[in-house]
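Below, chain A is the first sequence line, B the second, and so on; all start at residue 1.
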Amino acid sequence: MRQPSLICVCRFVNGTVISGLIVLSNLEQTAATVEFDRLKYAEGLSSPAQRPDFRLGKRSLQLISWLAPVALVAVWEILAQAGWLSPQVLPAPSKVARTAIKLATTGSLLNDLGVSLLRAAAGFAIGASIGFALGTFVGFSRIAEAAIDRSVQMIRAIPFLALLPLVIVWLGVGEAEKIFLVALGVTFPIYINTILGIRQVDPKLVELGRIQGLNALQLIRRVVLPGALPSILTGVRYALATAWLALVVAETIGAQSGIGFLAMDAREFLRTDVIVLTIVIYALIGIAADAIARWLERRLLAWHPNYGGTR
Amino acid sequence: MTFHVPLPLSSPALPAVVVTNLRRAYGDRVVIENLNLRIERGEFVALLGESGCGKTTLLRALAGLDPIQGGRIAAPKRPAVVFQEHRLLPWDNLWRNVALGLPAPDARAQAGAALVEVGLGGRLDDWPRNLSGGQAQRVALARALVQQPELLLLDEPFAALDALTRIRMHELVRELVANHRPGVLLVTHDVDEAIALADRILVMRDGTIAFEHRTNGNGPASMARTDLLAELGVLTSHVPA
């Protein structure tokens, strides 16, 4: 019991309240240490087979990570069933599920989903192409950088959703406006990450390519773009997120079909179950998009120690 | 001001490279001045010199990587280069790395044959990150030789390897050069490496070739070593044998 006496000395030397607190915490720590030592001692006596396993395996940790959200939904269901949650505020998950099945079989859910996905895909394709083309251009050419980059950066400084009223004036409330907005949101992350990726390619590898006799086009295809790919794919992941956000906003402002239309239509009739359903669908598609992006990374960057698995 | 001039196409009598009155400068700072050099096919030349004497600048000029400010470099075709770093493309497997720059049809077969030559046959589809330093450097050698170069430039290719691997690499390089018979210019810091590999050893100083030593039938290696170290300013006087 050397430690407590040491604490007493401490208390004597600086008898303020603060030091007293420190001493208190010290005391707890000491007690904990003693307990720990005792455990270790006991462990040393027992055989290794009897030793309790305090660490959870990877499997059980993963199980817990999935159980937690499931439990949350279960609590939500119970609260709704017990009448604690008004169906007007938040309908039970089971009710949302039933609505989903009903709308999918008799209603226009699948059609709306298709329309929304098509808008997202079209906007993404256009925005990604423009962003990639501009980024490649600027990444390779200092002249292109001087001519293009500052203007693009200035437009990028505008939160793209702030352009919405202007876009509606230009294109009206229709497909073009929605696709335009998605494309706008997608262009910049792809643009910036493409430039970044190209700039980060090891100049020694480019030099090697030249020595091996590659022409400019081969050099881009074999050396520069593969080297820039990790960064470009990071841009794709960001872009998928902004594409989705743009679509939600565009469809909420005004649409005759699509998931956002479904939600606004349901609002008119206070169908909270449909509104929650649309939110869940947005979330699921967001997760799916991210999964696709990660799958792309794993496939295309299998050579990269930070992405691909063992090979 | 002259640049690379192609010599008339392959005849075995032609040299691998002829450099006349080469001048190379960065702005006002002249690095190479009035340098003349001729390397025959099948000849192994080592280039020694203190750090910063312009060895690598010469090699880069010969490789056509940097513009020259005067004189003439005449070579029958593009030389191949092996650097201190392997410079393998991490996103391509070994055969695609070796075949980089080869015209398409039987590139894989040619790359495979080159990999067999450097002792890595059967690893065509393996990835650079699974290689040791010595293995990666052997792939870099295969990539250089598969181009059938008439001039092979080696820029301290063994400097980053451990001593045992380096000895094995020396043997491999000697063998490969004997089979393919390109002219070789090896830039190195290592006097013993130069003596072990080269037919002719050059010492570069003040931007030009200051000393030349033919190793064949020119006395015992220990003598050459003493001479070369003296030329490099490491030994001030000749130590009697």
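Remark: the backbone N or O of A:R222 is paired with a side-chain donor or acceptor of B:W91 at under 3.5 angstrom. Not one N or O on the side chain of A:Q212 forms a donor-acceptor pair closer than 3.5 Å with the backbone of B:G101.
Proximity to chain A involves both the backbone and the side chain of B:R87, based on heavy atoms less than 4.5 angstrom apart. Only the backbone of B:L88 has a heavy atom closer than 4.5 Å to any heavy atom of chain A. Both the backbone and the side chain of A:I211 have a heavy atom closer than 4.5 Å to some heavy atom of chain B. When heavy atoms are compared at a cutoff of 4.5 Å, B:D92 approaches chain A solely by way of its side chain, counted from C-beta outward.
With a 6.0 Å radius and a threshold of 12 heavy atoms from other residues, nucleotides or ligands, A:F137 has its CZ atom at or below the threshold. A 6.0 Å sphere centred on CD of B:E50 holds no more than 12 heavy atoms belonging to other residues, nucleotides or ligands. More than 12 heavy atoms of other residues, nucleotides or ligands sit less than 6.0 Å from atom CG of A:L166. The local environment of CD1 in A:I143 is sparse, with at most 12 non-hydrogen atoms from other residues, nucleotides or ligands closer than 6.0 Å. The number of heavy-atom neighbours closer than 6.0 Å to CZ of A:F140, taken from other residues, nucleotides and ligands shown, is above 12. Heavy-atom contacts from other residues, nucleotides or ligands closer than 6.0 Å to CD of A:Q62 number 12 or fewer.
Within residues 198-206 of chain A, the residues having any heavy atom under 4.5 Å from a heavy atom of chain B are, by residue number, A:K204, A:L205.
The candidate with the highest count of non-hydrogen atom pairs below 4.5 Å against chain A, out of B:R96, B:R143, B:E85, is B:R143.
Atom CH2 of residue A:W303 and atom CG of residue B:L89 lie 9.5 Å apart, to the nearest 0.5 angstrom.
For the pair B:V81 and A:E207, the minimum side-chain heavy-atom distance is 4.5 Å or more.
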